[in-house]
*Asks:* 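First the structure, then my questions, so here it is.
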Amino acid sequence: VRLQIETPLGNSASVLWGADYSQEENEVAAAFIDRAAFEANREVNAFDEFSLFPQYDLDNLGLFAQAKWDITDQWQISGGLRYDNFDYSVDDYELAFRFPREREGGSGSADDVSFNAGVIYQPIPEVGVFANFSQGFSIPNLGSVFSAFTPVDIDDDLSVEPQVVDNFELGVRAEFGQVQASLAGFYSESDLGSSIRFNQETGFSELLRAPQRNYGMEASVDWQPSNVWQLGGYFSW
């Protein structure tokens with residue numbers, strides 16, 4: 001559920017503010033069936049049940065405010081703040097294909113404030129140069145954490161630590177009649193990244209927490225040669 005309100009501040013500025021809330025219940029279950037009964041009569045009789053990912057609850061509350069100000073016809077600035085609070089919990093559970101199967105549940109929470117800022121400069125009406133900074137705040141895939149090959153301390157473990165990502169972007173956009181083009185470079189960094197890798201020793205995938213850097217560039221061109229045709233291309237490295 002999300003509520004947002006746009007409040008004008010004069011003729012050239014506005015603030016978009018509000019709140020959102022989400023609630024998730026996640027589980028991937030596995031049932032072991034009576035093979036003889038299935039082969040004989042196509043009966044599916046489950047004699048035991050486990051979890052690939054245990055059932056866990058995840059609640060997220062967010063509060064946000066985003067402002068925009070057209071200083072002149074050539075300059076526009078924007079900025080915003082967001083507060084996130086995550087609460088999660090899992091009962092004691094049993095896993096399929098893991099030893100030990102019996103795992104202890106627990107609960108935890110994480111919260112933080114992230115912000116963003118941007119500026120656009122248009123030397124001529126058809127061309128705009130922009131620069132943006134933004135942050136992201138999230139928690140890792142809890143299903144992978146709770147079903148790890150090695151049991152984790154859900155209340156206090158590196159694998160459940162939240163991730164903060166800083167994003168930087170610099171680029172230019174142009175629009176000349178029926179042709180639009182853009183070119184941008186980006187860079188993002190996180191002291192505690194989150195990725196999935198395959199462990200050859202255990203034969204299972206696992207969550208890897210480590211510093212992470214991503215960078216690259218992207219370009220796009222769009223063209224509308226007529227009222228019924230739209231052509232375009234996109235490149236990213």
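Computed from a prediction, not measured in an experiment: that's the story for all the values here.
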*Asks:* Is any side-chain N of the basic residue among Lys68 and Asp70 closer than 4.0 Å to the acidic one's carboxylate O?
*Replies:* no

*Asks:* Would you say the side-chain atoms of Trp69 and Ser78 include a donor-acceptor pair closer than 3.5 Å?
*Replies:* no

*Asks:* Are Val15 and Leu9 packed together at the side-chain level, in the sense that at least one heavy-atom pair is separated by less than 4.5 angstrom?
*Replies:* yes

*Asks:* A side-chain contact here means heavy atoms from C-beta on lying under 4.5 Å apart; do Leu58 and Asp87 qualify?
*Replies:* no

*Asks:* Identify the heavy atoms of Tyr234 and Ser236 that sit nearest to each other, and give their distance.
*Replies:* OH-CB, 3.5 Å

*Asks:* Would you call Val165 and Ser188 a side-chain contact if the rule is heavy atoms closer than 4.5 Å?
*Replies:* yes

*Asks:* Do Asp166 and Phe133 have side chains that get closer than 4.5 Å, going by heavy atoms?
*Replies:*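 Of all side-chain heavy-atom pairs linking Phe133 with Asp166, at least one is under 4.5 Å.
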
*Asks:* Hey, what else clusters with Phe130 if you join Ile, Leu, Val, Met, Phe, Trp, Tyr whenever side-chain heavy atoms sit under 4.5 Å?
*Replies:*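 Its cluster partners, ordered by chain and number, are Ile120.
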
*Asks:* Once the angle between the rings of Phe146 and Tyr88 is folded into 0 to 90°, is it parallel (under 30°), tilted (30 to 60°) or perpendicular (over 60°)?
*Replies:* tilted

*Asks:* Between the main-chain N or O of Ser22 and the side-chain N or O of Asn60, is there a donor-acceptor pair closer than 3.5 Å?
*Replies:* no

*Asks:* For Asp20 and Leu61, indicate whether the former's side chain and the latter's backbone hold a donor-acceptor pair under 3.5 Å.
*Replies:*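 Not at all, since once roles are kept as given, no pair shorter than 3.5 Å links the two residues.
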
*Asks:* Can you tell me if Arg35 has over 12 outside heavy atoms packed within less than 6.0 Å of its CZ?
*Replies:* no

*Asks:* Would you say the side chain of Val127 lies within less than 4.5 Å of the side chain of Phe176, judging by non-hydrogen atoms?
*Replies:* yes

*Asks:* Are the side chains of Leu95 and Arg103 in touch, meaning some heavy atoms are under 4.5 Å apart?
*Replies:* yes

*Asks:* Could you give the distance from CG (Asp57) to CD (Gln23), rounded to the nearest 0.5 Å?
*Replies:* 7.0 Å

*Asks:* Would you say Gln230 has more than 12 foreign heavy atoms packed within less than 6.0 Å of its CD?
*Replies:*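 Incorrect, the count does not exceed 12.
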
*Asks:* Do Gln180 and Asp222 meet the criterion of a side-chain donor-acceptor pair at a distance under 3.5 Å?
*Replies:* no

*Asks:* Taking atom OH of Tyr215 as the centre, does the number of heavy atoms from other residues, nucleotides or ligands within less than 6.0 Å exceed 12?
*Replies:*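 Open.
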
*Asks:* Which atom pair, heavy atoms only, marks the closest approach of Pro162 to Leu192?
*Replies:* O-CD2, 4.0 Å

*Asks:* Taking Glu175's backbone N and O only, do any of them form a donor-acceptor pair with Glu126's side chain (distance below 3.5 Å, no angle check)?
*Replies:* no

*Asks:* Measuring from Tyr121:OH to Trp75:CH2, what's the distance to the nearest 0.5 Å?
*Replies:*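 Here the rounded value is 6.5 Å.
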
*Asks:* Working to the nearest 0.5 angstrom, can you tell me the gap between Asn132 CG and Phe168 CZ?
*Replies:*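 Rounded to the nearest 0.5 Å, the CG-CZ separation comes out at 11.5 Å.
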
*Asks:* Not counting sequence neighbours, which residues clear salt bridge (Lys or Arg N to Asp or Glu O under 4.0 Å) with Glu189? List them please.
*Replies:* Arg213

*Asks:* OG of Ser138 to CG of Asp84: how many Å apart, nearest 0.5 Å?
*Replies:*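 These two atoms lie 9.0 Å from each other.
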
*Asks:* Do any N or O atoms from the side chain of Ser220 and from the backbone of Gly233 form a donor-acceptor pair under 3.5 angstrom?
*Replies:* no

*Asks:* Counting only heavy atoms from other residues, nucleotides and ligands, does the tally under 6.0 Å from CG of Asn214 exceed 12?
*Replies:*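 Yes - once you tally the heavy atoms of other residues, nucleotides and ligands closer than 6.0 Å, there are more than 12.
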
*Asks:* Given side chains that start at C-beta, do those of Glu25 and Glu27 come closer than 4.5 Å, heavy atoms only?
*Replies:*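 Side-chain contact under 4.5 Å: no.
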
*Asks:* Within the supplied structure, the quantity of interest is the number of heavy atoms (other residues, nucleotides, ligands) at a distance under 6.0 Å from Asp112 CG; does it exceed 12?
*Replies:*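 More than 12 heavy atoms, drawn from other residues, nucleotides or ligands, come within 6.0 Å of this atom.
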
*Asks:* Name all residues meeting the side chain to side chain contact (heavy atoms under 4.5 Å, CB included) criterion together with Leu183; count only those two or more places apart in sequence or in a different chain, and write none if there are none.
*Replies:*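 With sequence neighbours excluded, Leu183 shows a side chain to side chain contact (heavy atoms under 4.5 Å, CB included) to Val172, Met217, Ala219, given in chain and number order.
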
*Asks:* Asp34: which residues meet the side-chain hydrogen bond (donor to acceptor under 3.5 Å, both in side chains) condition with it, sequence neighbours left out?
*Replies:*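 Counting only residues at least two positions away or on another chain, Asp34 forms no side-chain hydrogen bond (donor to acceptor under 3.5 Å, both in side chains).
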
*Asks:* Under 3.5 Å, side chain of Gln178 to main-chain N/O of Gln224, donor-acceptor pair present?
*Replies:* yes

*Asks:* Within a radius of less than 6.0 Å around CG of Asp73, do more than 12 heavy atoms belonging to other residues, nucleotides or ligands occur?
*Replies:*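 No - once you tally the heavy atoms of other residues, nucleotides and ligands closer than 6.0 Å, there are 12 at most.
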
*Asks:* Kindly write out the residues that satisfy ring pair (Phe, Tyr, Trp, His ring centres under 6.0 Å) with Tyr21, not counting sequence neighbours, or none if the list is empty.
*Replies:*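 Once residues adjacent in sequence are excluded, Tyr21 has no partner under the ring pair (Phe, Tyr, Trp, His ring centres under 6.0 Å) criterion.
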
*Asks:* Answer yes or no: is there a donor N or O on one side and an acceptor on the other, between the side chain of Arg209 and the main chain of Gly193, under 3.5 Å?
*Replies:*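 Yes; judged by distance alone, with no hydrogens or angles, the pair exists.
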
*Asks:* Is there a continuous path of hydrophobic side-chain contacts, each under 4.5 Å between heavy atoms, that joins Leu63 to Val1?
*Replies:*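 Per the 4.5 Å side-chain linkage, Leu63 and Val1 are not co-clustered.
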
*Asks:* Among the clusters formed by ILVMFWY side chains lying less than 4.5 Å apart, do Tyr187 and Leu170 turn up in the same one?
*Replies:*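 No, it is not one cluster - the side chains of Tyr187 and Leu170 are not joined through contacts under 4.5 Å.
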
*Asks:* Which pair of non-hydrogen atoms, one from Ser114 and one from Gln135, has the smallest distance, and what is that distance?
*Replies:*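 Ser114 and Gln135 have their closest heavy atoms at CA-OE1, 3.4 Å.
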
*Asks:* Return the CG to CG distance between Asn116 and Leu81, rounded to the nearest 0.5 Å.
*Replies:* 8.0 Å

*Asks:* When the ring centroid of Tyr56 is compared with that of Tyr93, is the distance short of 6.0 Å?
*Replies:*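 For Tyr56 and Tyr93, the ring centres are not under 6.0 Å apart.
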
*Asks:* To the nearest 0.5 Å, what is the distance between CD on Gln66 and CD on Glu6?
*Replies:* 11.0 Å

*Asks:* By the rule that ILVMFWY residues connect when side-chain heavy atoms come within less than 4.5 angstrom, directly or transitively, which residues belong alongside Ile33?
*Replies:*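 In the cluster with Ile33 are Phe38, Val44.
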
*Asks:* When you measure from the side chain of Asn141 to the backbone N and O of Gly143, does any donor-acceptor pair fall under 3.5 Å?
*Replies:* yes

